[in-house]
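Side-chain atoms are counted along with the backbone in the values below, which use heavy atoms only and exclude waters and symmetry mates. We number each residue from 1, following the sequence as shown.
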Amino acid sequence: DIFSQIILAIPMMALYELGSVYADRGERMRGLELMKRSWELVRDTGAYGFFGAVALSGIAIATDEESERQRVLAEGEALLAKGANIDDQG
């Protein structure tokens, strides 16, 4: 149900947002680490549709490695192509 999805999303979103703050303040590696932890929670919970593309986009923005950026962008694009949204959990 939607309530369970929201409860699961809170730590994912918190890690992502905190990572964004660190990255914006010039601490890109710390920000990237937090965004990757957000993505790990997405994978662990199977909440790909709910927050997967967002988590991956943060990694793409924060990383300095072009190969990683291309990999996570492709993975996020694949999620979106599957119609990833709040009602689609994978």
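Smallest separation of non-hydrogen atoms from Ala53 and Leu79: N-CD1, 3.8 Å. For Met35 against Ser20, the heavy-atom pair with the smallest separation is CE-N, 3.3 Å.
Remark: Leu41 CG to Ile10 CD1 distance equals 12.5 Å, nearest 0.5 Å.
The residue from Phe51, Tyr16, Tyr48 that alone fulfils the ring pair (Phe, Tyr, Trp, His ring centres under 6.0 Å) condition with Trp39 is Tyr48.
Note: the hydrophobic cluster containing Leu18 also contains Met13 (ILVMFWY, side chain heavy atoms under 4.5 Å, direct or indirect links).
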Q) Could you go step by step and tell me if Met12 and Thr45 meet the side chain to side chain contact (heavy atoms under 4.5 Å, CB included) rule? A) CA-CA 10 Å; Met12 291 173 218; Thr45 61; 3.2 Å; yes
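Partners of Glu17 by side chain to side chain contact (heavy atoms under 4.5 Å, CB included), not counting sequence neighbours: none found. Considering only residues two or more places apart in sequence or on other chains, Arg30 meets the side-chain hydrogen bond (donor to acceptor under 3.5 Å, both in side chains) condition with Glu33.
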Report all side-chain donor-acceptor pairs from residues 55-67 shorter than 3.5 Å, counting only partners two or more places apart or in another chain.
unit_1, atom_1, unit_2, atom_2, d
Ser57, OG, Val54, O, 2.6
Thr63, OG1, Glu65, N, 3.1
Thr63, OG1, Glu68, OE1, 2.6
Asp64, OD1, Arg28, NE, 3.4
Glu66, OE1, Arg69, NH1, 2.8
Glu66, OE2, Gln70, NE2, 2.6

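Ion pairing between a basic and an acidic side chain is recognised when a charged N comes within 4.0 Å of a carboxylate O; Glu40 and Lys36 show no such pairing.
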